[in-house]
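The figures that follow rest on heavy atoms only: side chains count, while hydrogens, waters and symmetry mates do not. Letters A, B, ... are given to chains in the order of the sequence lines, protein chains preceding strands, and every chain is numbered from 1. Quantities reported herein were computed from a predicted structural model and do not represent experimental measurements.
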Amino acid sequence: MMNQYRTHYSKDVKKKDYNQSIKVAGWVEDIRNIGSIAFIILRDKKGTLQITILKKQNPDLFKKLVSIPRESVISVRGLCKENTQVRNGYEILPDQVEVLSYAATPLPLGVVDKVEAELDTRLDNRFIDLRKQDKQAIFKIRNIILAAAHEYLRSQGFIEVHTPKIIASSSEGGTNVFRIQYFEKEAFLAQSPQLYKQTLMATGLDRVYEITWYFRAEEHNTRRHLNESTAIDIEMAFIKNEEEIMKILERLVYNMCKKAEEKCRKELDILNKQILIPKIPIPRITYDEVIQKLQEKNSGIQWGEDLGTEDERLLGEIMRENNEHFYFITRYPLETKPFYTMPCKNKYSRSFDLAYNGIEIASGGQRIHDVRLLEERIRRCGLDPKDFDTYLKTFRYGMPPHGGFGFGIERFLMQLLDINNIRECILFPRDRTRLKP
RNA sequence: GCCCCGGUAGUGUAGCGGUCUAUCAUGCGAGCCUGUCGAGCUCGCGACCCGGAUUCAAAUUCCGGCCGGGGCGCCA
């Protein structure tokens, strides 16, 4: 007995339950009233089932059932009968129906209607949109991917941490931050846990990870940006160079893909997608090689410039021709990277991006642990070391070599499942204009 | 921040100066139908984002506003 409303989920009814009285509960997805017989499709967490009722056997109950508005929540007790004509192989012949919640009509959005609504309408009514199994599948896969990340990172000695999202100063420069009122002070929402992760490298925890929010006040309006997104952020100490970080990242990605492939068969089927599991090692291409490849394809990009969207797409295409979907871009020019990035041979840096079919999904690298070099880099980037007092202090009393990365969860999901709008990959997206629900 | 595009029933659309009393589908309501599973059939309900302007006449043209989508930049 699961609870007073339900003894079985739709997909848990087995042969041994046939000819038994069972209880099911869920949402009324559809009612097909043929006249003297009616079929009610009930949807629960695991799928759908059919309730069949004959008018002449129970006229009152018949009338009650067929007049329930779609998407109402009901609990039904009845005899479970085998029937090969029905998709599940069984149907329920009800003797008791309890309406737990009546749905108003018309629905703001149909769950099984023949017309698909636009994303904007769907997001406005996300609680109904998410009743659709294909929309739900994305979040079930997301769950498995994150479970895989936790499992893998913990197996590698990382501990999970949580750092503040309300912060005193804009951490890195670069992207715009949201300003908020913190009692009598001005504060900001963290655009990344970068500086805190580094601070933790001074503590001896050595390996930390955080599944975290990024808040970014950029007024972008694209299919691949959110103003509130999530990431897997890691930082590790006592590294020799950035290669060690990439080794963790590629294995993390491998494990996430593998677990999704193993455990999300049903969801992948619903979405009609297949997962490409990366071959390890994931190829590393240097920034210089990238520029060369792009120039061969007549891109106007010059050495020293960051890759534009078009360049990223083109590179993705070039790589795909060689059957490579994942690839690292390494050794970016120091100029293009934030102040904390470890330089390499003057003009290069020990940084990398991980791209997946032409879109950046992670970026990271080795950080500077020498405080004097760090101060110099802050100045070179046109910032004032005084503004980084709290941060710089952590480097003055013993800071090991370290590095890490930030990995965008929605970006990854979007590429993994070939979804063309990032808003599909987060339950309640925040974008340039959307603040609710 | 720059640049495009769009707002028509609950949902998705057609119409792009008069023929709009606005199309079709879906939905909703009523009815018929004993095996539906995109059920079917009959009847009905329901909409031109807002404000100005042009015109004999505006859903349609112009201006402003509001709301949305997308591209670039930036980035995950």
Side-chain angles (χ1 to χ4, degrees), chain A residues 29-42 48-57 62 66-67 69-71 81 83-88 91 93 103-125 128-129 172-177 191-194 212-233 249 305-313 336-338 353-356 359-364 405-415 420-423 425-426 431-434:
Chain A
E29 186 167 283
D30 199 12
I31 298 169
R32 288 189 278 273
N33 182 0
I34 310 299
S36 301
I37 188 170
F39 307 98
I40 289 90
I41 307 302
L42 188 77
T48 58
L49 59 81
Q50 179 172 295
I51 294 152
T52 306
I53 185 158
L54 283 159
K55 196 185 219 166
K56 68 177 183 191
Q57 277 180 3
F62 183 92
V66 299
S67 56
R70 295 201 305 171
E71 295 305 316
K81 283 298 262 186
N83 187 338
T84 50
Q85 289 175 84
V86 185
R87 277 183 188 153
N88 290 1
E91 62 192 346
L93 309 176
T105 58
L107 296 164
L109 187 70
V111 177
V112 288
D113 287 6
K114 292 152 196 167
V115 287
E116 172 72 301
E118 287 197 348
L119 184 59
D120 198 47
T121 308
R122 289 173 40 215
L123 292 176
D124 281 342
N125 301 284
I128 294 181
D129 186 47
E172 308 173 28
T175 52
N176 289 321
V177 290
Q191 58 169 97
S192 96
Q194 180 61 31
T212 186
W213 290 106
Y214 286 2
F215 301 99
R216 298 191 171 173
E218 291 293 333
E219 296 187 22
H220 33 47
N221 204 326
T222 75
R223 291 168 11 237
R224 53 183 196 287
H225 288 94
L226 293 166
N227 292 287
E228 187 180 71
S229 69
T230 62
I232 302 170
D233 248 279
L249 177 51
E305 288 174 351
D306 234 327
L307 271 58
T309 306
E310 183 55 24
D311 295 311
E312 282 183 15
R313 197 196 53 75
T336 65
K337 290 289 162 183
D353 281 356
L354 177 64
Y356 183 5
I359 285 191
E360 263 176 46
I361 59 164
S363 78
F405 60 78
F407 173 96
I409 297 168
E410 291 83 19
R411 278 276 177 94
F412 176 62
L413 259 180
M414 179 183 177
Q415 294 304 86
N420 98 98
N421 195 311
I422 199 164
R423 282 166 263 226
C425 299
I426 191 160
D431 61 27
R432 177 66 188 85
T433 52
R434 182 173 291 280

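A close approach under 4.0 Å does occur between a side-chain nitrogen or oxygen of R423(A) and OP1 or OP2 of G70(B). In this model, the phosphate group of C74(B) is not approached by any side-chain N or O of R216(A) to a distance below 4.0 Å at OP1 or OP2. Considering only side-chain N and O atoms, R70(A) lies under 4.0 angstrom from the phosphate OP1 or OP2 of C28(B). Between T52(A) and U36(B), a side-chain N or O to OP1/OP2 separation shorter than 4.0 Å is absent.
The nearest heavy atom of RNA chain B to R87(A) and to I422(A) marks one nucleotide each, and the one closer to the 5' end goes with R87(A).
One donor-acceptor pair, N or O on each side, does fall under 3.5 Å between the base of U34(B) and the side chain of K56(A). Between the base of G73(B) and the side chain of E219(A) there is no donor-acceptor pair shorter than 3.5 Å. Residue-to-nucleotide contacts include no donor-acceptor pair under 3.5 Å from the side chain of R434(A) to the base of C67(B). Checked by distance alone, R224(A) brings no side-chain donor or acceptor within 3.5 Å of a matching partner on the base of A76(B). Judged by distance alone, with hydrogens and angles left aside, H220(A) brings no side-chain donor or acceptor close enough to the base of C72(B) to form a pair under 3.5 Å. No donor-acceptor contact under 3.5 Å links the side chain of Q85(A) to the base of U36(B).
Among the atoms of the strands shown, only primed sugar atoms or phosphate atoms (P, OP1, OP2) are found under 4.0 Å from some heavy atom of A362(A). Across all strands, T230(A) comes closer than 4.0 Å to no nucleic acid atom at all (heavy-atom distances). When heavy atoms are screened at a 4.0 angstrom cut-off, D30(A) is found touching the sugar-phosphate backbone but no base atom.
When both pairing distances are held under 3.5 Å, C72(B) makes a Watson-Crick or G-U pair with G1(B).
In the set G70(B), G73(B), G38(B), G73(B) carries the atom at the smallest distance from any side-chain atom of T309(A). The side chain of S36(A) lies closest to U34(B), out of U34(B), G12(B), G10(B).
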